[in-house]
Number of protein chains: 2
Amino acid sequence: MGATVLTPSPEEDMERRRTRPRIADVAREAGVSKTAVSFAFNSPERLSAETAIRIREVAGALGYRPNPVARMLTQRQTMTLGVLTPQALAVIFSNPFFALFSEGVAHAAEDLGYELHFISPLHGSLALAVGRSTVDGVVAIGLSADHPEVGQIRGAGLPMVLVDSDDLPGHSSVVVDDEAGARAAAEHLVELGHRDLLVIAIEGPATPSGEPGRTGVTERRLRGYRAVLEGAGIELSAERVVAGRSSIDGGSSAFQRAWAMGIRPTAVLAMSDAIAIGAMRAARELGLRIPDDLSVVGFDDIDLAGHVDPPLTTVHQPIRQKGADAVRLLLAEVEQREANRPEHIRLETRLIVRASTGPAPQLRQEVP
Amino acid sequence: MGATVLTPSPEEDMERRRTRPRIADVAREAGVSKTAVSFAFNSPERLSAETAIRIREVAGALGYRPNPVARMLTQRQTMTLGVLTPQALAVIFSNPFFALFSEGVAHAAEDLGYELHFISPLHGSLALAVGRSTVDGVVAIGLSADHPEVGQIRGAGLPMVLVDSDDLPGHSSVVVDDEAGARAAAEHLVELGHRDLLVIAIEGPATPSGEPGRTGVTERRLRGYRAVLEGAGIELSAERVVAGRSSIDGGSSAFQRAWAMGIRPTAVLAMSDAIAIGAMRAARELGLRIPDDLSVVGFDDIDLAGHVDPPLTTVHQPIRQKGADAVRLLLAEVEQREANRPEHIRLETRLIVRASTGPAPQLRQEVP
DNA sequence: TACTGTCACTAAACCGGTTCACTAAACCGG
DNA sequence: CCGGTTTAGTGAACCGGTTTAGTGACAGTA
């Protein structure tokens, strides 16, 4: 390549510095049409080999990179999938459940050549974030089907798969059998002789109206717990169902709150492992031994569950697979523009008994 | 709004179903120009109130949503920041260090109204992913400054901030004082009388040439360890520096490998908490008591570190802040197009002594 | 009445690519 | 040497918005 071609006049040099080169600049410099430059990158077989190489050389020397936004516009696809969550990203990333889910999503998306874009409330508005997001489809996790943004996406005709949510006509979905998992957890405790239970639910993001959100997941698990307890003649009064953020701290403070209210359970049914671990920590600090004085059952079976002390008895759910399946379903819809039947996947859960649960203590401690 | 306006002819109805409405459709339906529709959304004050409202009503009825890709193209900004990592997303999300970092990044980005886009190798190629990504700037973490993709981004003129990497002229950066942190960890062990040490380093992603990557972080920490050990007259032979993935399993298998090679340390210097926790688990399974038989020091001080058994002695680094600072620096560059001085931030580290370290055992166990 | 200013709105250019429809030249068998 | 096919490349339209420069109607002023 001749230096004459690539040495810019001072004027051109100025120009280059202020705006990045466009396809037209490359075309002019190489003495070909814009079309030829486009071909050199996208379908070189339509050009003679030498022309294609020369164009790419010129482009390289100019520091040209095809503007991906412009390409998206003409292709009318972004090769990006959205992950929609009702909570702030900062919250999301501290949630091990979400990390596992993302892992599954990321794995599947990567395999299929898609990028990932996390959509979470912007300036408190999920609607704004959805409006701005440039994605070919959306995996919505933890949003109830009647969430307003779900409607927004449906209205916009964007492909969407719902995870951990109720079914919505026209959309695929992935859920786990929360109710069965919850039943297994409760049965385990009942068999160990526990009759004084505390349920710590996951507190959803506050709804616009200010009331703490109740997601479908929470409801289903609670239904499972209740079914077993009622069957065993155990009453679960309202004050024995508390809620906390799904984090270690959230579980810890929820247990403390219940304790401060005078509740003295022999066992805790936590709706997430993070909460369970937090509850164990709080209980320890109150002088309780686990599982001698207090049994704790979690939910999720995150990697950590087996590594805490004592190892946590919990309900396993295939979180990674949930993410991967959601992406698979979403892409089925994204890639074939034809209307295809929405598919609904329900994955199984199972109880993993470790060391955080044991027989109910014969006599309860009356005073902390 | 008259029903006549909104009831589409069958033909129009077909058309609407196949492609989402464009700005021109709204304009036609409302009997105004495209410009007016654009104004109705972006600068309603340039329209009479009633016209603006009518246009928005029509748009709503049509299910119109401005195409964000087209908007990006004309605005020449995407309001999105990229987080560049050399590892696959699926790997990233299982890494608690990264989760914390992302938390910091996400928090700052959200505050400033930016979305986040994670850029990781696509089909094994980071370059491909970078080329596709539509971002206004990039936070690169864990890439060495001589990484080829870093050059690619520089060439494209995209603003970039480097985290945990060597300084690069023209770019801001954020690092922590790894060397000082490593020194503190080593000093602690030396003071406790340990002389038989094992270092478990973080194994970077394999380089294209196949050799295991050595990031700057690893080098700096190793330098810190060495400085102290040499000062105390302790030799750190090559076989006493092993590497593993930065995960619990990675730490576990690295320790097992070293053990199988006949190495019998009284203390472990792990370059991440995840590795430290894994090493503790492996040691336990080999019958060692911690800290009686083996002391372990981690690095990072992730939330979990205080909750494992025994609570982990580790070097604290402000991971969240690292992410937040990186975004701050990046936006300074993105938002003012003027060339502004790159800034370099170095954050402090400090040793947190918990219960995983203790005095060196008087006699070493000879046989497992 | 002519002049200026404001208001409400529009036509056309533009962002930076891709692609459709077409052409000139080279090739090829008969 | 002719008609048909390939090859290599081009110009213009297009993707779906935003923005610049203007236009006509109307009100206010001198």
Side-chain angles (χ1 to χ4, degrees), chain A residues 15-16 18-56 58-59 62-79 131-136 156-158, chain B residues 15-16 18-56 58-59 62-79 131-136 156-158:
Chain A
E15 204 174 15
R16 181 162 312 143
R18 79 175 52 260
T19 69
R20 30 185 278 202
R22 303 177 305 262
I23 197 169
D25 299 322
V26 178
R28 180 169 13 81
E29 206 77 4
V32 294
S33 67
K34 291 194 323 177
T35 308
V37 179
S38 179
F39 284 162
F41 282 93
N42 303 313
S43 30
E45 74 280 1
R46 293 200 50 179
L47 256 34
S48 74
E50 41 189 325
T51 309
I53 288 171
R54 184 166 50 85
I55 292 176
R56 281 205 292 262
V58 171
L62 256 43
Y64 170 73
R65 173 178 84 113
N67 182 324
V69 175
R71 194 205 300 262
M72 279 181 182
L73 184 60
T74 62
Q75 309 280 264
R76 271 179 282 179
Q77 58 167 341
T78 64
M79 293 305 283
R132 275 211 201 158
S133 64
T134 55
V135 296
D136 293 340
L158 206 56
Chain B
E15 205 175 10
R16 180 162 313 144
R18 81 174 53 258
T19 69
R20 25 183 283 202
R22 302 175 307 261
I23 197 170
D25 298 323
V26 178
R28 180 168 16 78
E29 206 79 3
V32 295
S33 67
K34 291 194 323 178
T35 308
V37 178
S38 180
F39 284 163
F41 282 93
N42 302 314
S43 30
E45 74 281 359
R46 295 198 49 179
L47 255 34
S48 73
E50 41 190 324
T51 310
I53 289 172
R54 184 167 50 86
I55 292 175
R56 280 207 292 263
V58 171
L62 255 45
Y64 170 73
R65 172 177 86 113
N67 182 325
V69 174
R71 193 205 299 262
M72 278 180 183
L73 184 59
T74 61
Q75 311 278 266
R76 273 181 279 176
Q77 61 166 337
T78 63
M79 292 305 284
R132 276 209 200 160
S133 64
T134 54
V135 297
D136 293 337
L158 207 55

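Letters A, B, ... mirror the listed sequences (proteins, then strands); counts begin at 1.
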Practice prompt. Consider the side chain of Thr35(A), meaning its heavy atoms from C-beta on, and name the nucleotide among dT10(C), dG17(D), dT19(C) that approaches it most closely.
Written response: dT19(C)
Response to the item:
5'-most contact on DNA chain C (nearest-nucleotide basis), Leu73(B) vs Thr51(B), goes to Thr51(B)
Please tabulate, one pair per line, all N/O donor-acceptor pairs under 3.5 Å involving side-chain atoms of residues 48-56 of chain A, not counting sequence neighbours.
unit_1	atom_1	unit_2	atom_2	d
Ser48(A)	OG	Thr51(A)	N	3.3
Ser48(A)	OG	Thr51(A)	OG1	2.6
Arg54(A)	NH1	Ala30(A)	O	2.7
Arg56(A)	NH1	Ala40(A)	O	2.7

Worksheet entry | Quiz item: Thr74(B) side-chain donor-acceptor pair to dG16(D) base, under 3.5 Å | no
Discussion item. Considering every strand and a 4.0 Å limit on heavy-atom distances, what is the contact class for Ser48(B): base, sugar-phosphate, or nothing?
Written reply: sugar-phosphate
Discussion item. If you only use heavy atoms from C-beta on, which nucleotide in dT18(C), dT10(D), dG9(D) is closest to the side chain of Arg71(A)?
Written reply: dT18(C)
Worksheet entry | Short side-chain N/O contact to dC15(C) OP1/OP2 from Gln77(B), under 4.0 Å | no
Worksheet item: What nucleic acid atoms does Val32(B) come within less than 4.0 Å of, heavy atoms only: base, sugar-phosphate, or nothing?
Response: sugar-phosphate
Practice prompt. Check whether any side-chain N or O of Ser38(A) sits under 4.0 Å from OP1 or OP2 of dT18(C), and answer yes or no.
Written response: yes
Discussion item. Under 4.0 Å from OP1 or OP2 of dT18(D): is there any side-chain N or O of Asn42(B) that close?
Written reply: yes
Worksheet item: Touch check for Phe41(A), heavy atoms < 4.0 angstrom, all strands: base, sugar-phosphate only, or nothing?
Response: nothing
Discussion item. On the side chain of Arg22(A), is there an atom forming a donor-acceptor pair with the base of dG17(C) - under 3.5 Å, no angle test?
Written reply: no
Fill in: Distance-only donor-acceptor test, Lys34(A) side-chain atoms vs dG11(D) base atoms, 3.5 Å
no
Response to the item:
To the nearest angstrom, the CD-P distance between Glu50(B) and dA8(C) comes to 9 Å
